[in-house]
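So the structure is just underneath, and the comments pick up after that.
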Amino acid sequence: MAKYKSIFTRAVHGGERGAKPDFKPVSTPIYNSVGYLYEDLKDLDDVFGNERPGYVYSRYGSPTNAALEEVLADLEEGEAALTFGSGMAAVYAALMAAGVKAGASLLSAFDVYGATYAICARLLPDWGVKTKFVEATDLRAVEKALAELKPAAIILETISNPLMKVADIPAITKLAHRAGAKVILDNTFATPVLFQPLKYGVDFCVHSTTKYIGGHGDVLGGAIVSSKANRNILHEIIKMTGGNLGPAEAWLTLRGIKTLPLRMRQHCTNAMEVAKWLQGHPQISKVNYPGLADHPQHEMAMKLFPEGLFGGMISFEIESAGKKEIFRFMESLDLILPATTLGDVYSLTLYPAMSSHRALTPEERKKGGISDGLVRLSVGIEEVGEIIGDLEQALKKI
Ligand SMILES: Cc1ncc(COP(=O)(O)O)c(C=O)c1O
């Protein structure tokens with residue numbers, strides 16, 4: 001017999017919280033519940049007080065997100081991880097956790113994702129943070145800037161967006177720590193398959209999980225892998241400011257991550273072939289890919305990454321091309337999609353001056369080497385001959 005007489009009450013509570021499972025699901029379910037119950041309120045009190053692990057409210061954590069955080073920390077060989085609603089939410093939380101606040105200063109690599117650049121160039125200075133940009137591949141310049149600025153943190157990318165520069169992360173981390181600065185490294189382009197920053201002492205390893213980690217272009221998200229102590233700082237921040245990854249998104253990302261090493265291998269193999277082909281094409285004046293022997297940081301990439309793996313991202317310049325010619329080229333592509341993202345199974349192309357680096361002024365783009373003829377290509381996992389065939393037919397149209 002039903003516990004409650006009213007159909008109103010029974011409709012609300014029926015079927016809920018009755019099961020006492022004696023089984024374990026093979027894969028983690030999506031826990032949509034916002035609140036969590038304990039037999040004894042003392043347990044809830046202890047979870048609130050961080051005296052025991054558990055869940056109280058989904059802004060504080062959820063079992064689905066916890067499963068994703070566990071595998072991310074494991075792949076990056078870090079102690080802990082925290083997930084966010086987007087890569088930018090993760091970048092911003094890392095800056096806060098690293099002590100970037102009014103009166104402090106921040107050093108950033110010049111060659112970073114446009115929104116990261118905009119946070120450093122425009123948002124933070126308005127809030128009383130002194131920011132400076134540096135060429136991260138110039139160790140002397142980094143050392144000088146650290147000494148002059150005494151920043152709370154330095155932020156940079158393992159493989160930079162969009163010029164694919166590879167800075168000496170182990171050396172920069174040592175210099176930064178010596179100068180009392182925390183290191184925030186965006187490892188989105190490299191993924192833990194190519195590089196595990198925590199091994200070198202990086203404090204906050206940031207990911208836009210929207211990219212390779214999710215891998216299928218269907219889920220926005222971000223993550224930070226760090227020490228347990230830094231995770232605690234980040235957790236206090238997310239508890240106050242939100243920006244959480246939803247459990248359904250955590251589940252999709254967890255699903256995507258299972259094939260990350262397989263996908264990365266194919267991305268890297270394909271990208272190497274495409275980069276070599278582009279380099280030999282008469283209409284292409286420059287190819288930026290760390291796997292090419294003439295890339296300025298090819299040696300560094302060989303030192304940091306596993307043999308033969310240089311990532312799936314390429315950028316290249318089409319000879320004498322401006323916005324009109326690049327639009328024509330991108331519109332002529334058939335297999336390669338002109339979508340504003342990267343790291344998906346699909347091959348994708350993007351015009352940095354229009355999208356990822358639109359937040360920069362034309363002068364800032366010029367200074368950073370992002371020309372009006374530069375195209376970014378995220379090489380997918382399709383058959384490589386068909387990717388090259390598509391590039392070839394589209395180049396003929398301009
Ligand atoms: C290197 C890098 N970091 C961070 C981001 C921001 O990630 P999201 O779009 O998930 O906020 C991007 C987005 O393109 C990126 O390329």
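Note that ligands are numbered from 1 as they come in the structure, with each ligand's atoms numbered from 1 the same way.
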*Under 3.5 Å, is there a donor-acceptor pair between the side chain of Glu382 and the main chain of Ser347?*
yes
*Does ligand 1 have an atom that lies less than 4.0 angstrom from a heavy atom of Ala90?*
no
*Would one find an N or O of Asn161, backbone or side chain, under 3.5 Å from an N or O of ligand 1?*
yes
*Does the N or O separation between Leu220 and ligand 1 drop below 3.5 Å for any pair?*
no
*Report, in ascending order of atom number, the atoms of ligand 1 lying under 4.0 Å from any heavy atom of Gly221.*
10 (O)
*Step through the shown structure and confirm whether more than 12 heavy atoms of other residues, nucleotides or ligands are within 6.0 Å of OH on Tyr57.*
no
*asked:* Starting from atom 10 (O) of ligand 1, what is the nearest protein heavy atom, named by residue and atom, and what distance separates them?
replied: Thr210 OG1, 2.6 Å
*Short N/O distance, under 3.5 Å, between Ser208 and ligand 1?*
yes
*Do Ile184 and Asp203 have side-chain heavy atoms sitting under 4.5 Å apart?*
no
*asked:* Checking the side chain of Glu249 only, and the main-chain atoms of Ser86 only, is there a donor and an acceptor separated by less than 3.5 Å?
replied: no
*What residue and heavy atom of the protein are closest to atom 8 (P) of ligand 1, and at what distance?*
Gly87 N, 3.4 Å
*asked:* Do Asn244 and Thr83 have side chains that approach each other closer than 4.5 Å (heavy atoms only, starting at C-beta)?
replied: no
_Can you confirm whether the side chains of Glu157 and Thr188 place a donor and an acceptor under 3.5 Å from each other?_
no
*Specify side chain, backbone, both or neither for Val112, according to which of its non-hydrogen atoms lie closer than 4.0 Å to ligand 1.*
neither
*Can you tell me which residue and heavy atom of the protein come closest to atom 15 (C) of ligand 1, and the distance to 0.1 Å?*
Tyr113 CG, 3.7 Å
*Could you check atom 2 (C) of ligand 1 against the protein and tell me its nearest heavy-atom contact, residue, atom and distance included?*
Asp186 OD2, 3.5 Å
*Heavy-atom contact under 4.0 Å between His207 and ligand 1?*
no
*Apply the salt bridge (charged side-chain N to carboxylate O under 4.0 Å, His left out) test between Lys42 and each candidate in Asp40, Asp46, Asp45; give the one that qualifies.*
Asp46
_Under 3.5 Å: donor-acceptor pair, side chain of Tyr212, backbone of Gly311_ = no
*Atoms in ligand 1 flagged as close to Met88, the criterion being non-hydrogen separation under 4.0 Å*: 6 (C), 7 (O), 8 (P), 11 (O)
*Per-atom contacts of ligand 1 with Leu342, taking only distances under 4.0 Å to non-hydrogen atoms*: 16 (O)
*What atoms of ligand 1 come closer than 4.0 angstrom to any heavy atom of Ser86?*
10 (O), 11 (O)
*Sub-6.0 Å ring centroid separation between Tyr55 and Tyr31*: no
